[in-house]
Every structure is written in C-alpha cells, then in structure tokens.
Chemist: 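Questions regarding the structure given below will be posed in turn.
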Amino acid sequence: MGDSFERQERAAALFDWTIRNIQLDADSDLVKHHTLWQVLAVGHGTAEQRAWVFAELSRQQGLDVVVLAIANQETGENQFWLPALLDGDQFYLFDTRL
C-alpha cells in the first residue's frame, strides 16, 4: 500500500484490508448503533459500517472517498448504496456487501 502512488491502487488496498478484517453482518438494530472504533475493535459490521470504515481510512491517506445513498421515494429518507473513490472526474465504486 505504501509503495503505490496510484490513488486507485491505494484505495483498492484499503478496501481489501477493510473487507478482510471486518466480517459482514446482516443489518439489525443491535449492530447499527456501533461506532466505527467499535466495528474495528470487534471486527464485525454491516455493509454501511464497512463503507464508513473504508471511507475514513481512505481520508487518512488523502483519498477522496464518499458514501453514496439513494433517496427512498416513499419515506423520503436516504438509503445507503455504495462507497466511491473520486479520482479526477471519475467515480470508482466499491461494494461492501460482497
């Protein structure tokens, strides 16, 4: 990770680390209230929590990663979708559900 200066390669390495170290849990009220440090400490989290861990690790490396959401037309609330790296004028999507 430290040897690469390519933004996409650094993001991919951080994403790989996140996916390998945080086991995917189903969405439930029990795990939704964990903070990011708790998710890192226990090694478990929802897809959205994995996305936020990835985004925060990426920001520490100077990478522009955002967490995208889709507006739910029925409730008016935003629904988590995917994290994405902004590199130039391109978005590179990372699926934390896999």
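Every heavy atom of this structure was used, including side-chain atoms; hydrogens, water molecules and symmetry mates were not.
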Chemist: Contact between Arg10 and Leu63 at the side-chain level, heavy atoms closer than 4.5 Å - yes or no?
Modeler: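 Touching, per the 4.5 Å side-chain cut-off.
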
Chemist: Kindly write out the residues that satisfy side chain to side chain donor-acceptor pair (under 3.5 Å) with Arg97, not counting sequence neighbours, or none if the list is empty.
Modeler: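 With sequence neighbours excluded, Arg97 shows a side chain to side chain donor-acceptor pair (under 3.5 Å) to no residue whatsoever.
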
Chemist: So, the side chain of Gln61 versus the backbone of Ser58: is there a donor-acceptor pair under 3.5 Å, distance only?
Modeler: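 Not at all, since once roles are kept as given, no pair shorter than 3.5 Å links the two residues.
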
Chemist: Which ILVMFWY residues can you reach from Val66 by hopping between side chains whose heavy atoms are under 4.5 Å apart?
Modeler: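 Leu68, Ile70, Trp81, Leu82, Leu86, Phe91, Leu93, listed by chain and number.
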
Chemist: Taking only residues at least two apart or on different chains, which pairs with a member in residues 64-93 satisfy salt bridge (charged side-chain N to carboxylate O under 4.0 Å, His left out)?
Modeler: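 The answer is Arg7-Asp64, Arg7-Asp87.
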
Chemist: Which pair of heavy atoms, one from Ala47 and one from Thr96, lies closest together, and at what distance?
Modeler: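 Ala47 and Thr96 have their closest heavy atoms at O-OG1, 2.8 Å.
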
Chemist: Gln38 and Thr35: side-chain donor and acceptor closer than 3.5 Å?
Modeler: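 Looking only at side-chain atoms, Thr35 and Gln38 do form a donor-acceptor pair, the distance falling under 3.5 Å.
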
Chemist: List for me each residue that meets side chain to side chain donor-acceptor pair (under 3.5 Å) alongside Gln23, sequence neighbours excluded, and say none if there are none.
Modeler: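 Per chain and number, Gln23 pairs via side chain to side chain donor-acceptor pair (under 3.5 Å) with no residue.
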
Chemist: Could you work out, with side chain to side chain donor-acceptor pair (under 3.5 Å) as the rule, every residue matching Asp95, not counting sequence neighbours?
Modeler: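 Per chain and number, Asp95 pairs via side chain to side chain donor-acceptor pair (under 3.5 Å) with no residue.
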
Chemist: Rounded to the nearest 0.5 Å, how far apart are CD of Gln79 and CD of Gln73?
Modeler: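 The CD atom of Gln73 is 11.5 Å from CD of Gln79, to the nearest 0.5 Å.
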
Chemist: Can you measure from CG (Leu36) to CZ (Arg50) and round to the nearest 0.5 angstrom?
Modeler: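 One finds 13.5 Å between CG of Leu36 and CZ of Arg50.
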
Chemist: If the condition is ring-ring contact (aromatic ring centres under 6.0 Å, His included), which residues does Phe94 pass it with, not counting sequence neighbours?
Modeler: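 Partners of Phe94 by the ring-ring contact (aromatic ring centres under 6.0 Å, His included) criterion, ordered by chain and then number, come out as Phe15, Phe54.
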
Chemist: Establish whether Leu24 and Trp52 are linked, either directly or via other cluster members, by ILVMFWY side-chain heavy-atom contacts under 4.5 Å.
Modeler: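 No; Trp52 is not reachable from Leu24 via cluster members.
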
Chemist: Which other residues belong to the hydrophobic cluster containing Val42, where Ile, Leu, Val, Met, Phe, Trp and Tyr are joined when side-chain heavy atoms lie under 4.5 Å apart, directly or via other members?
Modeler: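 Members besides Val42: none; it forms no cluster.
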
Chemist: Nearest 0.5 Å, please: how far is CG in Leu57 from CZ in Arg59?
Modeler: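 With rounding to 0.5 Å, CZ (Arg59) is 11.0 Å from CG (Leu57).
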
Chemist: Taking atom NE2 of His44 and atom CD of Gln49, what is their separation to the nearest 0.5 Å?
Modeler: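 Here the rounded value is 11.5 Å.
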
Chemist: Over all heavy atoms of both residues, which pair between Ala11 and Leu85 is shortest? Give the atoms and the distance, please.
Modeler: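 Taking Ala11 first and Leu85 second, the nearest heavy atoms are CB-CD2, 3.8 Å.
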
Chemist: Quick one: side chain to side chain donor-acceptor pair (under 3.5 Å) partners of Thr75, sequence neighbours excluded?
Modeler: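 Not a single residue meets the side chain to side chain donor-acceptor pair (under 3.5 Å) criterion with Thr75.
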
Chemist: Heavy atoms only: give me the nearest Ala55-Val67 pair and the separation to one decimal.
Modeler: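 Distance-wise, the nearest heavy atoms are CB-CG2, 4.1 Å.
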
Chemist: Tell me, please, which residues at least two apart from Leu40 pass side-chain contact (heavy atoms from CB on, under 4.5 Å).
Modeler: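 Checked Leu40 against side-chain contact (heavy atoms from CB on, under 4.5 Å); matches are Trp17, Ile22, Val53.
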
